[in-house]
Amino acid sequence: MKVKKGLGIVLSLLSTVSFAQKAIPQLGKSPVKEVIAAMTLDEKLNIIRGTGMSASAGTGPVAGSISGKVQGAAGSTYAIPRLGIPSIILADGPAGLRIDSTRANDPKRYYATAFPIGTALASSWNTELVKKVGKAMGNEVREYGVDILLAPGMNIQRNPLCGRNFEYYSEDPVVTGNIAAAMVAGIQSNGVGTSIKHFAVNNQESNRNNVNAVVSQRALREIYLKGFEIAVKKAAPWTVMSSYNKINGTYASENGDLLSSILKKEWGYKGFVMTDWFAGRNYAAQVKAENDMLMPGRKSEYRQIKEAIDNKVLSEAVLDRNIERILNIILKSPAFKQYKYTNQPNLKEHAAVTREAAAEGMVLLKNENNTLPLKTGKIALLGNASYDLFVGGTGSGEVYKAYSVSLLDGLRRAGFQTDKKLSDGYKTYIAEEKLKQPKRTNILQTLKPVTEKTLSGEELTALAQNSDLALITIGRNAGEGSDREVEGQYYFNTEELNLIEKTSKAFHAVGKKVVVVLNIDGLVDIAHWRNSVDAILIAWLPGQEAGNSIADILCGKVNPSGHLAATIPINYSDVPSAKSFPGVPAERPDSAVYNEGVYVGYRYYNTFNVQPAYEFGYGLSYTNFTISDIKANSTFAKGMTVTVNVKNIGKVPGKEVVQLYLSAPAKTMDKPERELKAFAKTKLLQPGEIQKITFALNANDLASFDSKRSAWIAEAGKYTIKIGNSSRNIQQTKTFNLNQELVVEKVNNVLAPQSYISEAKSNQ
Ligand code: BGC
């Protein structure tokens with residue numbers, strides 16, 4: 001009897017246990033809210049933070065490495081196996097997947113493709129192409145077992161000195177937003193996520209963790225948030241990364257106005273927000289502000305947030321709200337779906353994608369007397385970068401690629417001859433100089449380029465006699481953590497200027513031409529030496545196929561079709577933010593006051609009649625195009641369709657970038673003289689071929705942000721559509737009327753600057 005009773009108790013206990021086990025909610029099988037309700041506080045405090053970075057990373061704020069599933073990824077999230085919640089892996093970054101290429105006791109290599117930098121991709125103005133790059137990049141993300149790529153970077157290029165401009169797209173929010181949306185769509189088409197970053201106003205690296213960006217509400221809405229708004233609404237990125245800096249006094253990651261009111265409520269964003277690595281100070285404030293995930297994860301966050309809950313400063317319901325967003329994304333991840341990744345993405349196929357994309361982003365600035373494309377012949381290849389190209393930036397955007405193609409190799413493969421003695425001399429010089437450089441100890445370090453090799457007058461004269469043309473490549477690199485200098489980085493240094501001047505003198509003396517290729521991360525001075533040379537091509541940091549991509553353009557295999565996505569001024573001092581960048585005090589700015597308001601880039605140059613060296617939207621081709629037959633209604637009702645015809649009137653096939661600007665009435669608010677509202681890239685048009693381009697304008701495109709009314713307002717009056725192939729070369733115009741003012745959208749009155757900006761400027 002006793003035995004029977006004992007057995008009964010055991011059996012009933014067992015059934016309780018199995019009943020209890022069955023009852024534990026599982027992610028994917030039970031409603032997310034039930035999964036959250038089953039979490040302990042400890043689990044909640046863990047899942048809202050990353051799992052930390054391994055000590056071996058040792059690279060300051062940039063995540064160098066996490067160990068485990070994907071070595072070298074930037075972070076991972078906390079797994080709760082009892083609730084069916086896996087850990088997901090996050091890795092950088094904009095120009096390709098950054099993971100370690102080698103692993104201990106493993107002969108296999110885990111290379112990723114180094115794609116062109118963001119600025120290069122944006123300069124293609126080709127959203128289909130960018131999508132294709134994203135698709136290839138996202139495939140590597142998925143096949144290496146990563147769930148979310150920490151990309152794209154999409155801050156506005158407010159000033160050419162920002163050290164991370166290379167990761168960003170443009171000075172204009174419409175280019176930025178549409179290129180970012182294409183990139184997000186491409187990456188996410190693989191079933192992996194993105195993190196658009198750095199939200200928001202992270203336009204400099206100087207004191208990036210603490211600087212207070214003081215910006216008018218109008219400039220925020222129209223310039224600094226607009227690109228993010230476009231990307232969020234068009235492409236629904238899985239995650240958003242908040243930025244390090246403060247905006248009008250509050251850290252972005254602690255800023256509920258930014259993350260809750262604008263991003264989540266106004267824009268209807270459904271994904272989750274993560275901090276940038278180690279960002280912000282007040283973790284409970286981050287959680288409250290709907291910064292859902294704290295990265296890369298620190299013990300102090302756990303302690304501080306628990307304390308806030310114990311002291312009833314923060315309610316557990318707030319944690320639950322954030323966790324729901326995180327779980328909804330985890331549900332979509334390859335990790336959750338137990339995707340069997342191969343560790344073998346098709347790198348060969350992706351090399352072809354990067355080669356094509358890099359070439360299409362290159363911008364031909366000058367081409368006197370059809371210097372380019374080059375005919376076959378012997379090239380005097382000068383400039384260190386011709387032998388040692390920079391293919392990508394440093395910092396979290398650095399990619400561990402299998403190889404990179406030098407310009408020398410690219411040109412040789414394309415059938416050009418070069419001077420062996422010259423190339424041997426350069427190679428030896430560069431190798432020797434590099435040995436003298438300090439060793440790079442972490443990925444935040446960007447080593448200075450090797451000083452240009454000096455060639456004597458006799459050497460140059462001999463080269464001029466023995467070659468058909470001189471090609472000089474000037475290189476610049478930049479990375480995360482610091483901004484660039486005006487002298488020596490923006491402006492060329494003496495050795496570089498000497499090389500250009502002396503080469504031009506020697507070659508022009510014997511009737512031979514000089515081409516300059518700019519292998520640059522961001523804008524440099526061109527106005528002060530451009531008259532000495534015959535052709536100038538911006539190749540940017542073109543990714544691992546660099547030499548092939550450049551050769552494709554130089555020899556005409558690819559007709560250049562890149563256009564500038566930022567203005568190149570005549571002098572650095574012309575830049576509207578020159579006086580206020582990077583803020584005060586300059587060495588370590590506490591604040592950066594955006595006095596120029598909405599007049600960023602071409603909005604400033606065009607409105608205030610400041611002549612640039614090369615305007616926004618500018619780029620040459622080996623052929624010519626006409627834009628004609630504009631058609632649009634003369635009155636704006638709900639929306640409007642605008643069409644033009646683009647014709648290739650030259651002798652070779654080519655693509656054109658068609659840009660639609662709008663000049664709006666400025667009776668109640670002052671307005672930029674014109675603003676880009678839409679753009680399109682033609683297909684490859686054969687000589688004589690015509691393509692009809694159709695643009696759609698809606699009420700949003702007519703509106704400016706009136707801070708006094710906290711609303712997007714389209715003023716009544718006359719609007720002028722201006723269509724061209726640059727912001728200054730307008731070929732078609734058409735006016736239309738808006739009969740009555742439209743209050744297009746009323747929004748929250750948030751993010752007002754507390755100080756610094758004068759009343760007069762607060763509505764600019
Ligand atoms: C960078 C981010 C990057 C993160 C992780 C930070 O230093 O600002 O862009 O995604 O590190 O590596």
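As the structure lists them, so they are numbered: ligands from 1, and atoms in each ligand from 1.
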Passing option when N155 is tested against E167, H198, K197, R164 for side chain to side chain donor-acceptor pair (under 3.5 Å): H198
Does R588, at its CZ atom, have more than 12 non-hydrogen atoms belonging to other residues, nucleotides or ligands within less than 6.0 Å? no
Neighbour count >12 (heavy atoms, 6.0 Å) for atom NZ, K131: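 No, the 6.0 Å shell around NZ holds no more than 12 heavy atoms from other groups.
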List the steps, then state whether salt bridge (Lys or Arg N to Asp or Glu O under 4.0 Å) holds for K132 with E360. CA-CA 13 Å; K132 185 166 160 186; E360 190 154 338; over 6 Å; no
If you measure from each heavy atom of [X] to ligand 1, is any distance below 4.0 Å?
| X | result |
| --- | --- |
| R98 | yes |
| E167 | no |
| F278 | no |

Give the atom numbers and elements of ligand 1 that come within less than 4.0 Å of a heavy atom of [X].
| X | result |
| --- | --- |
| R164 | 1 (C), 2 (C), 8 (O), 9 (O) |
| S396 | 1 (C), 2 (C), 3 (C), 9 (O), 12 (O) |
| K197 | 2 (C), 3 (C), 9 (O), 10 (O) |
| M241 | 10 (O) |
| H198 | 2 (C), 8 (O), 9 (O) |
| L150 | 10 (O) |

Grab the two heavy atoms, one from W125 and one from I179, that are nearest each other, plus how far apart they are. CA-CD1, 4.4 Å
If I apply the N/O under 3.5 Å rule, does W277 come out as touching ligand 1?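 N/O-N/O distance under 3.5 Å: no.
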Can the positive tip of K108 be found less than 6.0 Å from the middle of the six-membered ring of Y110, inside 45° of the ring normal? yes
State whether Y269 and K264 meet the cation-pi test: NZ (Lys) or CZ (Arg) under 6.0 Å from the six-membered ring centroid, and within 45° of the perpendicular axis. no
Just by distance, no angles: are the side chains of E545 and T354 close enough, under 3.5 Å, to form a donor-acceptor pair? no
Quick test of your reading of the structure: of L90, T275, D92, whose heavy atom lies closest to atom 5 (C) of ligand 1?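 When every heavy atom of L90, T275, D92 is considered, D92 comes closest to atom 5 (C) of ligand 1.
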